[in-house]
Amino acid sequence: MAGISKTAPDFEDLLPAMAEKLGGDGLMRELCNGFKLLMDKDKGVITAASLKSNAAMLGLQDMRDDEIASMVREGDLDGDGALDEMEFCVLMFRLSPGLMEESHLLLQERLEQELRTAGF
């Protein structure tokens, strides 16, 4: 996340509140809706160009081209220069420290429960 942390503007992390309000399935539906808003309609992926043209919807109209390109590179897991829906969702979770912390705590609780059930 080195590229993002140095260039992305500050933003309020709303994913934890959305997850609490919508539940897991609802949050995923909203992330998919966000992906569809930002994607290049012809290519079916988010490109730097589609992100730039839709940046105002996110309040990111002042982002420089290199910052936008950095965001796409950060989430581009397969190296094709764009974000598919899965890459976008993974990036949103990675950029949400609150949601990552909550996920970590839930995983820890579940593991502890499994260990107790197994007699450890």
Side-chain angles (χ1 to χ4, degrees):
M1 277 199 307
I4 289 293
S5 61
K6 292 179 182 174
T7 61
D10 292 333
F11 68 97
E12 183 179 355
D13 185 5
L14 298 176
L15 282 183
M18 288 176 63
E20 186 175 322
K21 181 178 180 181
L22 302 173
D25 290 341
L27 176 62
M28 292 309 296
R29 273 192 304 278
E30 287 305 310
L31 286 174
C32 291
N33 288 339
F35 172 81
K36 290 173 186 166
L37 286 173
L38 298 172
M39 75 177 190
D40 179 302
K41 306 302 183 229
D42 295 327
K43 297 178 181 177
V45 294
I46 295 173
T47 62
S50 71
L51 184 56
K52 181 177 180 165
S53 68
N54 295 305
M57 282 191 285
L58 302 172
L60 303 175
Q61 61 274 6
D62 296 330
M63 285 187 70
R64 298 185 321 262
D65 289 350
D66 63 317
E67 292 172 324
I68 290 172
S70 179
M71 288 182 76
V72 172
R73 275 193 310 275
E74 180 66 27
D76 182 15
L77 302 174
D78 61 12
D80 66 355
L83 302 178
D84 61 28
E85 193 171 58
M86 186 272 305
E87 290 170 325
F88 173 75
C89 290
V90 168
L91 181 62
M92 293 300 97
F93 275 84
R94 286 176 54 205
L95 293 177
S96 173
L99 199 55
M100 289 300 292
E101 178 64 25
E102 186 176 318
S103 298
H104 175 74
L105 293 174
L106 290 173
L107 176 61
Q108 184 176 354
E109 286 175 16
R110 180 67 180 176
L111 289 173
E112 288 171 1
Q113 181 183 21
E114 290 293 323
L115 288 172
R116 282 192 302 274
T117 302
F120 288 99

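What you are looking at is a predicted structure, and each value in this text was computed from that prediction instead of being measured. We're numbering straight along the sequence, starting at 1.
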Straight-line distance of [X] [atom1] to [Y] [atom2], nearest 0.5 Å:
X      : Y      : atom1 : atom2 : answer
Arg116 : Leu111 : CZ    : CG    : 10.5 Å
Ile46  : Met71  : CD1   : CE    : 9.0 Å
Met63  : Lys52  : CE    : NZ    : 11.0 Å
Met92  : Leu83  : CE    : CG    : 8.0 Å

Determine the minimum heavy-atom distance between [X] and [Y], stating which atoms define it.
X     : Y     : value
Lys41 : Leu37 : NZ-O, 3.6 Å
Glu67 : Arg64 : OE1-N, 2.8 Å
Glu87 : Ala82 : OE1-O, 3.1 Å
Ala48 : Ala69 : CB-CA, 4.5 Å
Arg94 : Leu77 : NH1-CD2, 4.5 Å

Strictly distance-based, threshold 3.5 Å: is any side-chain N or O of [X] a donor or acceptor partner for the main-chain N or O of [Y]?
X     : Y     : answer
Asp76 : Val72 : no
Ser70 : Asp66 : no
Glu74 : Leu91 : no

*asked:* Please determine whether residues Phe88 and Val45 belong to a single hydrophobic cluster, defined as Ile, Leu, Val, Met, Phe, Trp and Tyr linked transitively by side-chain heavy-atom distances below 4.5 Å.
replied: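 No; tracing contacts between hydrophobic side chains, which count when under 4.5 Å, never links both residues.
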
*Joint cluster assignment, Met28 & Phe35, ILVMFWY side-chain distance < 4.5 Å*: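 Yes.
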
_Let's go through Leu115 and Glu112 carefully: what are the C-alpha distance in whole Å and the side-chain angles of both, what is the deciding distance for side-chain contact (heavy atoms from CB on, under 4.5 Å) to 0.1 Å, and is it a yes or a no?_
CA-CA 5 Å; Leu115 288 172; Glu112 288 171 1; 5.6 Å; no

